[in-house]
Every structure is written in C-alpha cells, then in structure tokens.
Amino acid sequence: MVIKVGKNKATDTEAAKALEKPAEEAPAKIAEEKQEPAAAKPVEEPKVAEISENPEAETQEAVINFINLDQNGKQLTSSGVLRGMPVESINDLYSSEIPLKVIKKAGYKVVFNNFDIPGVAQRFSNNKVMIQIFTIGLSKKDSTEGNN
C-alpha cells in the first residue's frame with residue numbers, strides 16, 4: 001500500500017516504523033486514546049450548581065458598552081465584564097474617562113451616556129440573573145445635521 005500526497009509518499013515500511021515508536025510519544029499516545037472504547041473511560045457525575053442561601057451575597061456583573069450611533073450601534077469598545085458584590089460601586093472598579101478621551105480624539109462626540117451621570121455612583125444590583133448593561137452612544141456627525 002502506498003499513499004501519495006503531493007510530493008510526499010508513505011510506504012508500508014514507514015508505517016511499520018511509526019508503529020514501533022514508544023507509547024509515551026504524543027502521536028502514538030493520541031492514536032491509542034482515539035481507539036479506546038468509550039465505555040473504558042470512567043463517567044463523571046454531572047456537576048450541580050450550588051445555590052447560595054443568601055443570593056444578595058453573590059457576585060454581580062456589569063458591562064459598559066461604547067457604541068457608534070452612525071453605524072446602527074456598532075460597538076466601538078467595552079469595559080468587558082466587571083464583577084462585584086451587590087451595592088458595591090462600579091465606579092470604583094471602572095472609569096470611562098480614558099476610553100472616552102481616546103474615542104473623542106478619533107472625532108466622536110458623546111450623544112448619551114447612562115453610566116456617567118453627574119452625582120450618581122453606579123452600583124452593582126442584587127439581580128444575579130441579569131447583567132447590568134450601561135451604554136455610551138457616540139457619533140461623528142453633528143447632532144443638527146439631520147434636523148432640517
């Protein structure tokens with residue numbers, strides 16, 4: 001038996017030499033694992049999520065998204081997932097100041113910002129099920145362009 005692949009050729013003697021390699025070598029070990037029947041491997045018990053007796057004490061999540069209103073809300077950047085305890089200040093973990101400086105240098109203007117509300121500290125909620133989403137809408141267009 002000869003298998004041709006492009007300019008490379010494999011022969012029966014080359015295949016036999018490959019089978020003689022020690023079992024510790026990765027390719028041979030992988031080949032052996034693939035040939036083992038599924039029943040030979042121990043079955044792991046499914047993991048059950050633990051339910052806290054005090055749901056308010058569970059870590060909460062929030063995200064601040066910066067979107068381009070000129071492109072139907074296409075995301076410019078994001079804070080990523082921020083994690084903290086209920087009523088802990090999100091502002092202590094994240095500031096939109098630096099991303100906004102960079103975005104403004106690129107020519108964008110803030111149209112709306114529901115994260116940086118003057119005099120308001122954003123805090124993690126008590127709702128473990130829903131991630132808090134804050135949005136900062138930006139545009140390069142003059143806000144009066146479409147108002148003829």
State the CD1-OG distance between I90 and S125, to the nearest 0.5 angstrom. 8.0 Å
Quick one: do the N114 and T135 side chains pair a donor with an acceptor below 3.5 Å? no
Rounded distance [0.5 Å steps], OG in S78 versus CD1 in I67: 11.5 Å
Can you find a pair of side-chain heavy atoms, one from Q132 and one from F124, that are under 4.5 Å apart? yes
Side chain to side chain donor-acceptor pair (under 3.5 Å) partners of residues 115-124, not counting sequence neighbours, each pair once: S96-D116, N113-D116
From Q71 CD over to K140 NZ, what is the distance, rounded to the nearest 0.5 angstrom? 8.5 Å
Sub-4.5 Å side-chain heavy-atom contact between F134 and N65: no
Does some side-chain heavy atom of L138 sit less than 4.5 Å from a side-chain heavy atom of L76? yes
Of all heavy-atom pairs linking Y94 and L82, the shortest is CB-CD1, 3.6 Å
Give me each pair satisfying side chain to side chain donor-acceptor pair (under 3.5 Å) with a member in residues 82-92, each pair once, sequence neighbours excluded. E61-R83
L69 side, atom CG; S139 side, atom OG - distance, nearest 0.5 Å: 6.0 Å
Verify same cluster id: I131, F66 (apolar side-chain graph, 4.5 Å): no
Report, one line per pair, each donor and acceptor closer than 3.5 Å where one atom sits in a side chain of residues 97-112; sequence neighbours left out.
from : atom 1 : to  : atom 2 : distance (Å)
Y108 : OH     : N68 : ND2    : 3.1

